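So the structure is just underneath, and the comments pick up after that.
Since this is a predicted model, take the numbers as computed values, not measurements. Every number for a ligand or one of its atoms is a count from 1 in the order of the listing.
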Amino acid sequence: MKGLKRPPYAEDDWTIPQDWADYTPSEHATWDRLFERQSKMLRGRASDAFVKAIDVLRLDQPGIPDFAVLNDRLGGLTGWSVVAVPGLVPDGVFFEHLAHKRFVAGRFIRRPDQLDYLEEPDVFHDVFGHVPLLADPAFADYMQAYGEGGLRAESLHAIDKLARLYWYTVEFGLIREGGGIRIYGAGIASSYGESVFALDDASPNRLGFDLMRVMRTRYRIDDYQQTYFVIDSFEDLRRQTVEADFAPLYETLAGQGDIQPDAVLPTDLVLHRGTQARLRSRRG
Ligand code: PHE
Ligand code: FE
């Protein structure tokens, strides 16, 4: 992220106090509405690890979670913590926090007229969407290593490639589980519409996860995804990434072209070939 300016009230590492006591009753009520709707929706749709962590972390208690309380539970499980930031932060700051097992979360919550869509991640997306899997040891490991890998990718000029991996796993990842496909990506899990679309709609492609392929694939930021990649397990994802040296992979990728968001290649493991009907109808 270029051109972000650190507000004067933020620390050098961009963190701010959550000031939990300052949330209004109406802000807590917005969290409760979103939580109600999404936690019901995700039963049987999200990965078991995600659903179980909601209970273990007591995210089901009313109101916007107090990070200090949440961090006691999360820290005891995987050593991770959540820290508040004003909004999007520069890549380097983001990677540095992840590498130290700190997940940066927006402090603010969306307005009541933005329940279904907003542009900047708020506390519901960041905490409900991202924090449950930080309680899973393999996934937590992946996130920390991703932060270290990000710092490395900066010097190898490969941030754009690595960012695609984050996008198609941490934000929009699907996983094979229980004889079907489940959600684990935070961008899906925190969205009412996309948590149906990603699993049930005929439009998007659902392809087996392939690390190099993913890092070549462009993505949409203005609509639901046209392609989702399905991992076999968090342990498998961890093994393929944390334990790999990406430097030679970036070199190979530099000589390969981008893949369009809707493309299906002969080499893909196709679990579902999308009709792409959604985009066609939106383009009229
Ligand atoms: N192991 C990768 C590297 O050598 C970094 C990485 C770890 C990337 C975990 C993604 C996830 O740069
Ligand atoms: Fe996110």
Is there a polar contact, in the sense of an N or O pair closer than 3.5 Å, between Arg152 and ligand 1? yes
Is the shortest N/O to N/O distance between Tyr142 and ligand 1 below 3.5 Å? no
In plain terms, say whether Asp236 and Arg239 are close enough for a salt bridge, that is, a side-chain N and a carboxylate O under 4.0 Å apart. yes
How many degrees, to 10°, between His130 NE2 and His125 NE2 as seen from the Fe ion (ligand 2)? 90°
Can you sort out which atoms of ligand 1 are near Leu165, meaning under 4.0 Å from one of its heavy atoms? 10 (C)
To the nearest 0.1 Å, how far is atom 2 (C) of ligand 1 from its closest protein heavy atom, and which atom is that? Phe246 CD1, 3.4 Å
Geometry only, no angles: is Ala244 polar-contacting ligand 1 at N/O separations under 3.5 Å? yes
Glu171 near the Fe ion (ligand 2) via N/O/S, less than 2.8 Å: yes
Show your reasoning for whether ring-ring contact (aromatic ring centres under 6.0 Å, His included) applies to Phe234 and Tyr142. CA-CA 8 Å; Phe234 296 128; Tyr142 172 68; 8.9 Å; no
Which of parallel (below 30°), tilted (30 to 60°) and perpendicular (above 60°) describes Phe229 and Tyr168? perpendicular
Looking at Asp245 and Arg152, does any basic side-chain N land under 4.0 Å from a carboxylate oxygen? yes
Below 3.5 angstrom, do we get any N/O pair linking Ala247 and ligand 1? no
Checking contacts here: is it the side chain or the backbone of Ala153 that comes within 4.0 Å of ligand 1, counting heavy atoms only? Could be both or neither. neither
With a 4.0 Å cut-off on N to O distance, would you call Arg282 and Asp223 a salt bridge? yes
Relative to the heavy atoms of Asp245, which atoms of ligand 1 are at a distance of less than 4.0 Å? 4 (O)
For atom 5 (C) of ligand 1, grab the closest protein heavy atom and report residue, atom and distance to one decimal in Å. Gly149 CA, 3.6 Å
Looking only at protein heavy atoms, what sits closest to atom 6 (C) of ligand 1 is Ala145 O, 3.8 Å
Using the six-membered ring of Tyr23, assess whether NZ or CZ of Arg107 lies under 6.0 Å from its centre and within 45 degrees of the ring axis. yes
Answer yes or no: is there an ion pair linking Arg33 with Glu36, defined by an N-O contact shorter than 4.0 Å? no
Electrostatic pair Asp60:Arg58 at N-O distance under 4.0 angstrom: yes
